[in-house]
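Since the model is a prediction, treat every value here as computed from it, not as a measurement.
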Amino acid sequence: MIDHATIERILDAADISDVVSEFVTLRRRGVNMLGLCPFHNEKTPSFTVSPAKGIFKCFGCGKGGNAVNFIMEHENLSYPEALKWLAKKYNIEVKEEEETEEQKQLKDERESLMIVSGYAQKYFTRFLWEENEGRTIGLSYFRERGFRDDILKKFELGFSPDGKTPFTEAAQKQGYKIEFLEKTGLTIVRDDWKRDRFAGRVMFPIHNLAGRVIGFGGRILKDDPKAAKYLNSPESEIYHKSKALYGIYQARREMARADKCYLVEGYTDVLSMHQAGITNVVASSGTALTSEQIRLIKRFTTNITIIYDGDEAGIKASMRGIDLVLEEGMNVKVLLLPDGEDPDSFAKQKGASGFQEYISENETDFIQFKTRLLLKTTENDPVAKARLISDVIRSVAVIPDTITRSVYIKECSKLLNVDEEVLYSEVRKQKRKQNEELRKKERREQVRDQRQKAEPQSQEPEIKPSEFLIEELEFLRFLLKHCNVVLFEEDGENPDETRNVKVGEFMVMELENDDLVPDNKLFRQVFNEVKANLDNEQFDPWKHFIYHPDTEVSKLATDLLSEKFIESKRWTKAGAYTEKEEEILDFLIPKIIYEYKLRKIKLMMEEIEKAIDVAAKENNFDHVIEEQSKYMNLKRVEKFLSEKLGSRAIN
């Protein structure tokens, strides 16, 4: 539905490093950029972005593509929706025809839930600022709490009107289905009865990394002992509490710039710290910290400071979750606020400079903090102290880096007045225990995976490089990379005239003339689109295929053009790369074609051999003679190609 000219403008504007940096912290490595892959859990970066080529590629999980593919994969968007996302980022107006009812129904459920959540946020925000009930109740509450209007607008806060179904009725009038209102948790449905979940509450939208609303938190304002003070959206296809962090969208850039993240508990803690000028802050929203949340933070920084109020019981209860942070190899510090203070009240009281000064003077390494906190309860109690040592060492044992672990052991030895060797022995014991638990977990996962594999799979198998011959991949790589390079001159139609023959034309004609284009669907699609554009002077195969709307084609092109694609080792061994590839195309291109043809000929001969065996068993000697004749013709071609390739013939 988006016109071609607009798509071209979007693709021209979309800088791959700029787009990926919205979600991943990238560091320059030569001409490329490197970061931790957002699509699988890794501790060593293997996610590479090539600004010059406009592609990303993870050499760990294999995902790759262009800026559009990245947004499609990361945000689970369709191709048109990913284009709209990029258009919004680069302020490009998208003109499109209005969707038909049939097209609206074709939107997948996840996108429908996103759309409904986006509508709800706009409804609640408009109600807060424009409706009398919203201004007198919701806006008054925020202003009484001391929040500025710019902060309210930055986080898109709102108000859900009181009553049974005012929001639901408004949404249905706009055409939003009750099915999706229920699945997002915005409406509670019981048989023929329904009501608004967040009625009479101020609303805190929860955004994902792309800034789209995935859920809500709502705070009640009237006294009702039966109602929860805070209410969150239920789990849904788009909102998983354990994977979300409040404020991550607003904090992500400053987290990467400052190389630090502050973790607090509640929504208003985040708002107050932003208002005080500290913007690299997120909230776990009252849930125990999870591995998914930690990895979300780790995309932007490995340094985290957890801010607590003075409630020791609450701190002790959350200690176990912080071991997960250490396990991810992150640097953890703890900041304990004065008694009676929380980040919300303290930020308002101190302001930005005062809060920052307090942080620098009082934040403590987590292990030291934990040791000192627990030591208070173990005076003159050897058994309690022994439990403390085991507890602290359990945290030290999960730290993946050996050097960091040894530094902590030395520090703990001083704090606990225990010999280092004793602590090392305890660490080894804990590591053995952890490894055993890990092995049990892996065994359980293997059993689960085996069960899943035994079940029928409904989805189409993913195209894998193994489905291509190496010669086919090499052929396509040279075709895309050097398509427009002039390979040689030949005589023209008139005397004394010559014309240039480009690599693309030569490679396409060589396969077509010998009828050797393979049946592989992706190969044929790339091959035919190159063939169709041979006379197009503006044709740029890199751009055409990397930004191809078919994600399989785009991924194939990315894999072929990424730097770690294995170029032919046969040539390297023969010393052919004493010059740059581009300088010896007149040598390499014929070799590529000969090797491709030779492999195809050998495969055809193998098929003929099988056919001869079958015909012989059936005593069909006429067919045997016919197949043998074909075989001998192919044998002569094989000999010719082998001679052309010399010692580099393929077995």
Side-chain angles (χ1 to χ4, degrees), residues 245-247 251 255 258-290 293-294 297 301-328 330-379 384-385 387-389 391-396 398-399 404 407-408 411-412 414-416:
L245 286 166
Y246 182 72
M255 285 164 57
D259 195 19
K260 188 165 193 172
C261 173
Y262 295 107
L263 179 68
V264 294
E265 187 176 355
Y267 304 126
T268 55
D269 295 332
V270 172
L271 300 182
S272 292
M273 289 185 69
H274 269 260
Q275 187 159 295
I278 302 170
T279 58
N280 50 328
V281 55
V282 297
S284 57
S285 304
T287 63
L289 203 57
T290 65
Q293 290 171 329
I294 295 163
I297 294 171
T301 178
T302 57
N303 300 305
I304 181 170
T305 294
I306 301 171
I307 301 178
Y308 291 111
D309 57 29
D311 179 15
E312 285 194 10
I315 297 169
K316 288 179 182 177
S318 65
M319 286 288 186
R320 186 167 297 178
I322 300 177
D323 285 353
L324 294 172
V325 185
L326 293 169
E327 195 171 348
E328 288 295 324
M330 296 181 73
N331 304 315
V332 191
K333 292 187 182 294
V334 174
L335 179 70
L336 188 61
L337 297 179
D339 287 342
E341 298 283 3
D342 58 27
D344 178 12
S345 62
F346 198 63
K348 287 171 182 168
Q349 174 191 327
K350 290 286 187 180
S353 58
F355 205 150
Q356 289 283 15
E357 185 180 342
Y358 182 85
I359 290 171
S360 60
E361 291 176 357
N362 293 278
E363 66 178 353
T364 311
D365 180 87
F366 171 67
I367 296 293
Q368 295 179 14
F369 176 80
K370 182 175 183 177
T371 304
R372 286 170 181 150
L373 179 69
L374 298 181
L375 272 173
K376 295 178 183 177
T377 62
T378 61
E379 288 185 41
K385 188 172 182 180
R387 281 199 301 269
L388 161 66
I389 293 170
D391 195 355
V392 173
I393 291 303
R394 187 162 50 244
S395 294
V396 174
V398 301
I399 298 171
T404 306
V407 171
Y408 276 126
E411 187 66 26
C412 288
K414 294 175 185 174
L415 289 169
L416 298 169

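- The nearest pair of heavy atoms linking Gly266 to Ala283 is O-CB, 3.6 Å.
- Atoms OG1 and CG, from Thr290 and Leu324 in turn, are 8.0 Å apart once rounded to the nearest 0.5 Å.
- The distance from the CD1 atom of Ile359 to the CG atom of Leu335 is 6.0 Å, given to the nearest 0.5 Å.
- Minimum interatomic distance between Ala347 and Ser272 (heavy atoms only, all atoms of both residues): CB-O, 3.7 Å.
- The two residues Leu326 and Val332 have their closest heavy-atom pair at CD2-CG2, 3.9 Å.
- The two atoms that bring Val264 and Val281 nearest to each other are CG2-CG2, 3.8 Å, heavy atoms only.
- Taking OH from Tyr246 and CD from Glu265, the interatomic distance works out to 14.5 Å, rounded to the nearest 0.5 Å.
- Looking at every heavy atom in both residues, Pro343 comes nearest to Leu337 through N-CD1, 3.4 Å.
- Using a 4.5 Å cut-off on side-chain heavy atoms (C-beta onward), Val282 and Met255 make contact.
- Residues Ser284 and Leu263 approach most closely at N-CD1, 4.0 Å, considering heavy atoms.
- Ser360 contributes no side-chain N or O that, together with a main-chain N or O of Tyr358, makes up a donor-acceptor pair within less than 3.5 Å.
- Note that CG of Asp342 and CG of Asp269 are 5.5 Å apart. Values are rounded to the nearest 0.5 Å.
- From Asp344, atom CG reaches atom OH of Tyr267 across 14.5 Å, with rounding to the nearest 0.5 Å.
- Taking CG of Asn280 as the start and NE2 of His274 as the end, the distance is 8.0 Å to the nearest 0.5 Å.
- Salt-bridge annotation for Glu341 and Lys350: absent, with no side-chain N of the basic residue lying under 4.0 Å from a carboxylate O of the acidic one.
- Tested against Cys261 for a side chain to side chain contact (heavy atoms under 4.5 Å, CB included), the candidates Thr305, Asn303, Leu245, Ile297 yield a single pass: Ile297.
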